Number of protein chains: 2
Amino acid sequence: MKSEKISEAVVRRLPIYLRYLNELNKREVATVSSHELGQKLDLNPAQIRKDLAYFGDFGRKGIGYDVSYLIEKIRQILNLDQQINAVLVGAGNLGMALSNYNFYLKENMKIVAVFDSKPVKVGTHINTLTVQPMEELSETIQANKIRIGIITVPDFEAQNVADMLISSGIEAILNFAPTILKAPSHIRIHAADFTTDLLSLAYYLEDGKDEIIDDGQVK
Amino acid sequence: MKSEKISEAVVRRLPIYLRYLNELNKREVATVSSHELGQKLDLNPAQIRKDLAYFGDFGRKGIGYDVSYLIEKIRQILNLDQQINAVLVGAGNLGMALSNYNFYLKENMKIVAVFDSKPVKVGTHINTLTVQPMEELSETIQANKIRIGIITVPDFEAQNVADMLISSGIEAILNFAPTILKAPSHIRIHAADFTTDLLSLAYYLEDGKDEIIDDGQVK
DNA sequence: TAGATTGTTAATCGATTAACAATC
DNA sequence: TAGATTGTTAATCGATTAACAATC
């Protein structure tokens, strides 16, 4: 498998499948069909079957998918059958919120270190972690096999932090800063800037411009 | 304009254009070409021209786009030529982080109220806002013409909060909870769940499974 | 004028969905 | 067996990119 190139859209749906499968598993549901998954997740059943079939024949005709087995397989596909360590840079409000979220993640992904360039932040505690100074970034990343970087610094610092992460050997970055990062093509970067999300929502609001009719009455 | 249906992908790029145009404007750059925009934003120039052309002829052949004029036009398209009020539900770490971000948003979008169901949160302050109890949600939304809801409650409460927001007249929702919300089709919902983003990143990590060669040597 | 750059059409590429044989 | 559901091919749909005439 993985011989065909898998599109990003497919990969992004895998964690969504995984999340609902975990829920089914907790409820001790043994089997699920693409139809049921589709209903719950607002996706087309054919799309779900096709997504999964890229990676193997996980289902059984006439039956559906075994929940536990599919969870195992998707974890393998996502490399979550091993623990993946992440580092967070920027111990502001958002950084602290994400660090705390750590313990909500049921999967094998963990923020194992937090950094900040501001001396007043260094040494403060976020749960079990102590905020470290930027000088220790590279060493910590290498010593702890940290592979993912999460950027929650202000926009003007983001590229600089990204460069440091990359030169320290990080493989992928989740960027919360509202800026487009430049990086070599082998580094995977996902933009997670919610200001973009929020502003684009405004497009879908009813205009209001049309609602006032010539005579001043509201329709 | 707006006669053709505009795809979500196009709309999502508009705030990204806007952000960079604002930066150019601050630097007093008067004019920009699709080529330069494309370079900065990692987008194809033809795509940028096409995106903008859906809404009007904003550029000038041989010259490019007038920065101030294009800012004005994109704001109009996104309904950001008027103030858009938003409400945030869930005053946990993430909610507080977002509320504080408020003042980073240069555009006409403002979180004007924060709610939480936990009595211990109610009455606490986040910047200039006081956390209110859920009982006041509907009234506050209507009294303040709040049109967008931001959900930062735990997953098991999210659907319930969405229902309340919708029945209070909200038009669009930004959902940070890791769950698929069900809503009538005229309500616009964007998922902003970063756990999905983070887990999907793991797919792109080098497997490591291949890196240990038969003789035990690492390649 | 010559060079630059738009707006737009046509070509390409990719993703989603429908349909159905295989089979549990 | 009859009903259900997969895996997969073909059809459809939509989005991106290339190319270029128009024109500043």
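Basis for what follows: all heavy atoms, side chains included, without hydrogens, waters or symmetry-related copies. Nothing here was measured: the structure is a model prediction, and the numbers come from that model. All chains are named by letter (A, B, ...) in the order of the sequence lines, taking the proteins before the strands, and each is independently numbered beginning at 1.
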Worksheet item: Counting heavy atoms not belonging to B/K145, are there more than 12 under 6.0 Å from its NZ?
Response: no
Regarding [X] and [Y], does a basic nitrogen lie under 4.0 Å from an acidic carboxylate oxygen?
X      : Y      : answer
B/R12  : A/D197 : yes
A/D163 : A/K182 : no
B/R27  : B/E23  : yes
B/R19  : A/D155 : no

Fill in: Opening and closing nucleotides of DNA chain D in contact with chain A, under 4.0 Å to non-hydrogen atoms
D/dA4 to D/dT9
Response to the item:
Sequence neighbours excluded, the answer for salt bridge (Lys or Arg N to Asp or Glu O under 4.0 Å) partners of A/D51 is A/R13
Practice prompt. Check whether any side-chain heavy atom of B/R60 lies under 4.5 Å from a side-chain heavy atom of B/Y69, and answer yes or no.
Written response: no
Discussion item. Do B/L43 and B/L37 have side chains that approach each other closer than 4.5 Å (heavy atoms only, starting at C-beta)?
Written reply: no
Discussion item. Here's a test of your reading of the structure: between A/R13 and B/K50, which maps to the more 5' nucleotide of DNA chain C?
Written reply: B/K50
Item to complete: Applying ring pair (Phe, Tyr, Trp, His ring centres under 6.0 Å), name anything that partners A/F176, two or more places apart in sequence or on another chain.
Response: B/F194
Worksheet entry | Residue-level proximity of residues 58-65 of chain B to DNA chain D when a heavy atom falls under 4.0 Å | B/R60, B/K61, B/G62
Discussion item. As a test of your reading of the structure, name each stem of DNA chain D as range with range, where a stem is three or more consecutive Watson-Crick or G-U pairs at under 3.5 Å.
Written reply: C:3-24 with D:3-24
Response to the item:
Numerically ordered, the residues 34-49 of chain A set in heavy-atom contact under 4.0 Å with DNA chain C is A/N44, A/A46, A/Q47, A/R49
Discussion item. Return the NZ to CZ distance between A/K73 and A/F58, rounded to the nearest 0.5 Å.
Written reply: 6.0 Å
Worksheet item: Nearest 0.5 Å, what's the CD1-CD distance between A/I166 and A/E171?
Response: 12.0 Å
Worksheet, complete the sentence: Per side-chain contact (heavy atoms from CB on, under 4.5 Å), B/I74 is matched among B/D81, B/L80, B/L18 by B/L18
